[in-house]
Amino acid sequence: MMKYFTLTLLLFICISAFGQFQPNYDESRVPDYELPELLKSEEYGKIKSVKDWEAKRRPEILALFADQMYGKIPDVPYSLDFEVQKEDIPILSGKALLKEVLITVSTVNGSLPFSLMIITPNTQGPHPCFMTINFYGNHTLLDDQNITITKAWVNNNKDFGISDNKATEVTRGVRSYRWDIESIINRGYALASIYYGEIDPDYDDGFQNGLHPLFYADGQKNPQPEEWGSIGAWAFGMSRSMDYLVTDPSIDAKKVAVMGHSRLGKTSLWAGVNDQRFALVISNDSGCGGAALSRRAYGETVGRINTAFPHWFNDNFTQYNENEPALPIDQHMLLALVAPRALYVASAVDDRWADPKGEFLSTYHTNPVYKLYGEKSINDPQMPAVDQPKMVGKTGYHVRTGGHNVTDYDWEQYMNFADKVFK
């Protein structure tokens, strides 16, 4: 009888938890909400100048996101080493040059190497650049024998021929449809990319592999509740890549855009707000925990994302599961931290999981900060029509036809916007 009761109780708990964190696709079920004010601080009151924003409110908001959501980087000294392993290798029928740089992060606890791939036009530089992060390895972006195949853990994918979490020759170029590299090169841009699995494998193992153990204190086995999860580690990798790019004469370091898709769109946003060397910050279908407003609780919710992917954010973020109104922050505040630099957010009309409307509204609500800087930005709350990009001053947004993906259309808009802000 007790065994039956225990099994019934466990089943009830599982069903309750699953039902509790169901995504919401009904706009009528979006709760009434009030967003935290961008330019009002409990400690400092109304923020009326750029000086006060930069000295008081911006650091306050950034600290809240670090403490309550993405996690703080532990205060452990580290060093970097850059080793150029390949360079000036002609690819794309000679239109472009390939370079590979091994970046090694070292602490008293050990070292972690990861590979930065840079593809530049075969013309006189320096070139503006898209700094990106990818899902299956640098070699999957382009079918070219010169690109080194990652030896790191890779997500299994039957369609890509990946099993045993290992990349092989058959995986070359399997994600090239997401990376319009030839068009990027033809427009005069460079593309730099790192593979996120070389920094922190994307599964919940209690942070026993990847970057995190390098930053543990003596006797520490897991991050503290306020310390970084995987998104924080991936963003750290993007900034360490920028550390190299600023030294490379083929790259115009003042014209580097940071870009990512989905969970890596969340990553590009977090990297972009922490590292102000990125002149343009791009989010592609980043959804909950990225560009979408948490308080709308539409599509993927905070509870759902923390349950399905407990390693992405810090442990403090779980207190807001099904409790979004208690958040002292929301994602418009994250996007506003990009100001006065350029920001572009993209959605897809069929990607309801990522809440396109919430992504647009978050972009729109950054306007007070851009206005504080005297910069133009999107100031119309009306969401643009599908496939009708809106680019106003330092902010841009589009919602395109289709679903959760990165398409040639997306890249065309990013380059159009970059042309505008990098002129």
Side-chain angles (χ1 to χ4, degrees), residues 36 58-78 105 107 109 112 114 133 194 196-242 258 260 262-276 278 281 283 286-292 294 300-321 323-324 326-331 333-338:
R58 189 185 190 279
E60 182 180 55
I61 293 172
L62 188 61
L64 283 168
F65 274 106
D67 186 69
Q68 299 296 305
M69 190 172 180
Y70 298 103
K72 300 175 181 178
I73 301 173
D75 188 18
V76 173
Y78 66 89
V105 181
T107 72
N109 296 324
L112 181 102
F114 63 95
I133 184 167
I194 56 175
Y196 81 146
E198 292 182 357
I199 298 165
D200 186 42
D202 189 10
Y203 61 90
D204 181 22
D205 75 331
F207 301 106
Q208 300 309 303
N209 56 26
L211 190 65
H212 293 88
L214 268 64
F215 288 80
Y216 286 155
D218 287 346
Q220 186 177 1
K221 300 297 183 183
N222 302 97
Q224 296 296 321
E226 73 280 2
E227 290 180 344
W228 55 355
S230 291
I231 288 174
W234 300 329
F236 179 90
M238 298 193 86
S239 282
R240 303 295 68 78
S241 300
M242 186 63 174
V258 61
S262 192
R263 68 199 67 177
L264 301 182
K266 309 178 206 302
T267 300
S268 68
L269 288 172
W270 187 233
V273 302
N274 280 282
D275 192 336
Q276 297 185 71
F278 291 117
V281 180
S283 154
S286 61
C288 180
S294 296
E300 188 175 32
T301 64
V302 171
R304 180 82 178 196
I305 201 170
N306 279 330
T307 302
F309 306 105
H311 57 294
W312 286 1
F313 302 94
N314 70 6
D315 284 350
N316 279 346
F317 195 41
T318 61
Q319 66 189 298
Y320 304 108
N321 292 354
N323 189 29
E324 287 89 351
L327 274 164
I329 46 179
D330 213 321
Q331 300 309 103
M333 301 169 78
L334 180 76
L335 300 190
L337 298 180
V338 175

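Owing to the predicted nature of the structure, the values given are computational and were not obtained by experimental measurement.
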Q: Do you know which of D275, V273, V338, L335 makes side-chain contact (heavy atoms from CB on, under 4.5 Å) with V281?
A: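 Between V281 and the candidates, side-chain contact (heavy atoms from CB on, under 4.5 Å) is satisfied uniquely by V338.
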Q: Just do the side-chain contact (heavy atoms from CB on, under 4.5 Å) check on F207 and E227 with the steps written out, would you?
A: CA-CA 11 Å; F207 301 106; E227 290 180 344; over 6 Å; no
Q: So, does Q224 use its side chain to make a donor-acceptor pair with the main chain of D315 at under 3.5 Å?
A: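 Judged by distance alone, no pair lies under 3.5 Å.
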Q: Supply the atom-to-atom distance I61 CD1 to L337 CG, rounded to the nearest 0.5 angstrom.
A: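 I61 atom CD1 to L337 atom CG measures 5.5 Å (nearest 0.5 Å).
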Q: Can you tell me if K266 uses its side chain to pair, donor with acceptor, with the backbone of S286 under 3.5 Å?
A: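 The answer is yes, because a donor-acceptor pair under 3.5 Å joins these two groups.
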Q: Can you measure from CD (Q68) to OH (Y320) and round to the nearest 0.5 angstrom?
A: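 So the gap between those two atoms works out to 3.5 Å.
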Q: Is P36 close to M333 at the side-chain level, that is, under 4.5 Å between some pair of heavy atoms?
A: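 Result yes, sub-4.5 Å side-chain heavy-atom pair found.
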Q: How close do C288 and I305 get, heavy atom to heavy atom, and via which atoms?
A: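 Closest pair (atom of C288, atom of I305, distance): O-CD1, 3.4 Å.
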Q: Ignoring hydrogens, what is the shortest heavy-atom contact between G290 and L334? Give both atom names and the distance.
A: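 Minimum heavy-atom separation between G290 and L334: O-CD2, 4.0 Å.
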Q: Where the side chain of Q331 meets the backbone of A291, is there a donor-acceptor pair that is under 3.5 Å apart?
A: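 No.
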Q: Which residues satisfy the side-chain hydrogen bond (donor to acceptor under 3.5 Å, both in side chains) test with W234, sequence neighbours excluded?
A: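 None.
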Q: Of all heavy-atom pairs between E324 and T301, which one has the smallest distance, and what is that distance?
A: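 Minimum heavy-atom contact is OE2-CB, 3.8 Å.
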Q: Indicate yes or no for a side-chain donor-acceptor contact from S294 to the backbone of D330 under 3.5 Å, with no hydrogens or angles considered.
A: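 Checked: no pair found.
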Q: Go through it in stages, so that I can follow the logic: the residues are Y196 and T267, the test is side-chain contact (heavy atoms from CB on, under 4.5 Å), and I'd like the CA-CA distance, side-chain angles, deciding distance and then a yes or no.
A: CA-CA 10 Å; Y196 81 146; T267 300; over 6 Å; no
Q: As a quick check of understanding, evaluate side-chain contact (heavy atoms from CB on, under 4.5 Å) for D202 and R263, giving each step before the final call.
A: CA-CA 10 Å; D202 189 10; R263 68 199 67 177; 2.4 Å; yes
Q: CD/Q220 to CG/N222 distance, rounded to the nearest 0.5 angstrom?
A: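 Here the interatomic distance stands at 7.5 Å.
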Q: Quick one: closest heavy-atom pair of G265 and S283, and the distance?
A: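 Taking G265 first and S283 second, the nearest heavy atoms are O-CB, 4.4 Å.
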Q: Classify the ring geometry between W228 and F215 as parallel (under 30°), tilted (30 to 60°) or perpendicular (over 60°).
A: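 Perpendicular: the ring planes of W228 and F215 meet at over 60°.
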Q: Shortest non-hydrogen contact from S268 to M238?
A: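 Where S268 meets M238 most closely, the heavy atoms are CA-SD, 4.2 Å.
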Q: Would S241 and F114 count as a side-chain contact (heavy atoms from CB on, under 4.5 Å) here? Give the steps.
A: CA-CA 10 Å; S241 300; F114 63 95; 3.7 Å; yes
Q: Could I get the full list of salt bridge (charged side-chain N to carboxylate O under 4.0 Å, His left out) partners for D200, not counting sequence neighbours?
A: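 For D200 there are no salt bridge (charged side-chain N to carboxylate O under 4.0 Å, His left out) partners, ignoring immediate neighbours.
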Q: Output the distance between atom CD1 (I73) and atom OG (S239), rounded to the nearest 0.5 Å.
A: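 If we round to the nearest 0.5 Å, I73:CD1 and S239:OG are 7.5 Å apart.
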Q: Quick one: CZ on F313 to CG on N306, what's the gap to the nearest 0.5 Å?
A: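 Reported value, rounded in 0.5 Å steps: 6.5 Å.
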Q: Nearest 0.5 angstrom please: M69 CE to N314 CG, how far?
A: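 Going from CE on M69 over to CG on N314, the span is 9.0 Å.
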Q: Please give me the minimum heavy-atom distance between P310 and T307, naming the atom from each residue.
A: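 Looks like CD-O, 3.7 Å.
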Q: Using modelled atom types and a 3.5 Å cut-off, is there a donor and acceptor pairing between side-chain atoms of Y203 and backbone atoms of H311?
A: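 Flag not set: sc Y203 to bb H311 has no pair under 3.5 Å.
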Q: Pick out which of W270, Y70, Y78 makes a ring pair (Phe, Tyr, Trp, His ring centres under 6.0 Å) with F236.
A: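 The residue from W270, Y70, Y78 that satisfies ring pair (Phe, Tyr, Trp, His ring centres under 6.0 Å) with F236 turns out to be Y78.
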